[in-house]
Amino acid sequence: MSRHAGREPRRLTRWWRRRSLRARLTVIAATAIAVSVFVAFQVASELLDWELKDTAENQLRADSRVLATNAERAGLAQVQLPAYPGSGRLVRVILPDGSIRTPAGQPALPPVSEHAGRVARGAPADLMESNDSDDGYIIYTLRAGDGAVQVAHVVDDSPVNQFGFGMLLIGLLCVVGGALVGRTVARTGLAPIDRLTAAAVRVAHTRDLDADIPDEGGGEIRRLIRSINDMLAALRDSRRAQRLLAEDAAHELKTPLTSLRLNVELLIRLDRRGTLDSALPVESRTRLLNDLGAQVTELSNLVAELTDLARGDVSDESTEVLDFADVVAAAATRADSRVPDIEVALDVTSVWVSGRPAALERAVLNLIDNAAKWSPADQPVQVRLRAEGASAVLEVDDAGPGIDAADVPRVFDRFYRADSARALPGSGLGLSIVQRVVDAHGGRATVARSARGGALLRVDLPAAAPPAPIARLTAGEDTAAR
């Protein structure tokens, strides 16, 4: 039983969720009007019933006072009681001995109640009472002389019933009208959403992201349309960025792959002829193998950058408190092995940060690689690390031509490469990876012109307190120095 009762609300909820928004709004409007009419009917019925009852009681009091005055003048036994006209009020006189007098032809009233008898005997002075029989009466008893007079009124519910029937008809008309109005309002109000849905379906079918949805309507509808247009603009930018990435990747992959293919074909051809040793001296063979190794390294770096970008996160490694100087030194060592012709000059001090070691090392390596592409062979890439306030400040500058002012705002954008950089190795992803790593660590990356005329790339990261043993050791060293 309880299990069946528990399924009913879930079934009703599923039914409601399957209804269209128009149907829901129509049902809600009709229900709201029905509830409003019902509440209004209840309140109005109570007010009408109270007003009719109050009017009847006031009339009974007035009639009783007139009858009591006549009875006191003429006496309860002699007061004239006109014959009952067939409708209207009913009267009765209670004599001192408990007997009663009623007009001729008047319908019988309920027996004198105990409380009315007390009024006739002198306490209290008056009484308003009603009975719950089918022919209900409101009876007012008023002390008069040695007895009492009573005036009664037949309770008539027909006005309230007629009012209720009228309210029922009005309520039904209001519910039907409310449902029609609700459906019309829903259809009118949801028309922009219908057009928006049709436009979205058209975009999904045609894959035409350049077709903006017309901005119409107001309030929430306008904000929804603008949000979808912003989403379409973001998708257009993403598609454009993917196309640029594909073009850049194709361009970058073409040269090393062509060189690799030619060199490998040369080695295979010479080996098949058996003239590899005679046609290719040791020095030439070494140079060729080194060239192959450099091309493989370039391809590996490009694939690593693409993979790192496609992953969408900085790293799966956990965050730890580390000495940023060690990370910078490790990155400089890797850069020196990758670009042996460029000197990396380090000027670093110990600064502790909270971060992911591999991600930070990759970011620093990308900064150094970018500077190495532009720096002349006789000019070192300068890498400086220092503490500045509550930040660890890393600066990498070169003596190259610098970055054009028009390119500065987009230096850290994904897939972006300046026109002057398209002839150089790289995919345009290195600095965007730097930006992503720095953002993930709560830092900031900026670009400026260095004192040597080249580019100055600066990274600010929040500094962290060193681990407790390191902190105690540093404090001891400072005390010994003093």
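A salt bridge is defined here as a Lys NZ or Arg NE, NH1 or NH2 lying under 4.0 Å from an Asp or Glu carboxylate O, and Arg334 with Glu361 meets this definition.
Looking only at side-chain heavy atoms (C-beta outward), Val351 and Val393 stay at 4.5 Å or farther from each other. In this structure, the side chains of Ser318 and Arg356 stay at 4.5 Å or more apart for every pair of heavy atoms. Within the 4.5 Å cutoff, the side chain of Val434 has heavy atoms near those of the Leu367 side chain.
Residues Leu60 and Ala152 come closest through the heavy atom pair CD2-C, 3.8 Å. Annotation for His441 and Pro462: closest pair O-CD, 3.5 Å, computed over non-hydrogen atoms. Taking each heavy atom of Val437 and Ala359 in turn, the nearest pair found is CG1-O, 3.7 Å. The heavy-atom pair separating Ser64 from Val151 by the smallest distance is OG-CG2, 3.2 Å. When every heavy atom of Val348 is checked against every heavy atom of Ala325, the shortest pair comes out as CG2-CB, 4.3 Å. Heavy atoms only, all atoms of each residue included: Gly105 and Tyr84 are closest at O-CD2, 3.6 Å.
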Identify every side-chain donor-acceptor pair in residues 110-126 under 3.5 Å, counting partners at least two apart or on other chains, and give the distances.
from: Ser113; atom 1: OG; to: Ala116; atom 2: N; distance (Å): 3.2
from: Ser113; atom 1: OG; to: Glu129; atom 2: OE1; distance (Å): 3.1
from: Ser113; atom 1: OG; to: Glu129; atom 2: OE2; distance (Å): 3.1
from: Glu114; atom 1: OE2; to: Arg118; atom 2: NH2; distance (Å): 2.9
from: Asp126; atom 1: OD2; to: Tyr140; atom 2: OH; distance (Å): 2.6

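The structure places CG of Asn70 at 11.5 Å from CG of Leu76, a figure rounded to the nearest 0.5 Å. With rounding to the nearest 0.5 Å, the separation of NZ in Lys53 from CE in Met128 is 9.0 Å. Atom CG of Asn229 is separated from atom CZ of Arg236 by 7.5 Å, given to the nearest 0.5 angstrom. Distance check: Ile94 CD1 to Leu142 CG gives 10.5 Å after rounding to the nearest 0.5 Å. Atom CZ of residue Phe324 and atom CG of residue Leu360 lie 5.5 Å apart, to the nearest 0.5 angstrom. Here CH2 of Trp50 is found 8.5 Å from OG1 of Thr55. Values are rounded to the nearest 0.5 Å.
Distance alone, capped at 3.5 Å, is enough to place a donor-acceptor pair between the Asn58 side chain and the Asp54 backbone.
The number of heavy-atom neighbours closer than 6.0 Å to CZ of Arg444, taken from other residues, nucleotides and ligands shown, is 12 or below. The local environment of CD in Gln80 is sparse, with at most 12 non-hydrogen atoms from other residues, nucleotides or ligands closer than 6.0 Å.
With sequence neighbours left out, Glu395 forms a salt bridge (charged side-chain N to carboxylate O under 4.0 Å, His left out) with Arg384, Arg386, Arg458. For Asp63, the salt bridge (charged side-chain N to carboxylate O under 4.0 Å, His left out) partners two or more places apart in sequence, or in a different chain, are Arg89.
Checking each of Gln150, Arg101, Gln106 against Val91 for a side-chain contact (heavy atoms from CB on, under 4.5 Å) leaves exactly one that passes, namely Gln106. When each of Val396, Asp397, Val447 is checked for a side-chain contact (heavy atoms from CB on, under 4.5 Å) with Leu456, only Asp397 meets the rule.
A donor-acceptor pair shorter than 3.5 Å cannot be found between the side chains of Ser391 and Asp460.
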Given the rule in the side-chain contact (heavy atoms from CB on, under 4.5 Å) test, do Thr102 and Leu81 qualify, once you have shown the distances and angles that lead to the verdict? CA-CA 7 Å; Thr102 58; Leu81 300 177; 5.7 Å; no

Step by step, work out the side-chain contact (heavy atoms from CB on, under 4.5 Å) result for Ile139 and Thr141. CA-CA 6 Å; Ile139 303 176; Thr141 306; 4.3 Å; yes

Step by step, work out the side-chain contact (heavy atoms from CB on, under 4.5 Å) result for Asn366 and Leu431. CA-CA 7 Å; Asn366 285 358; Leu431 292 185; 5.6 Å; no

The test is side-chain contact (heavy atoms from CB on, under 4.5 Å); show your working for Ile100 and Val93 and say whether it passes. CA-CA 5 Å; Ile100 60 174; Val93 176; over 6 Å; no

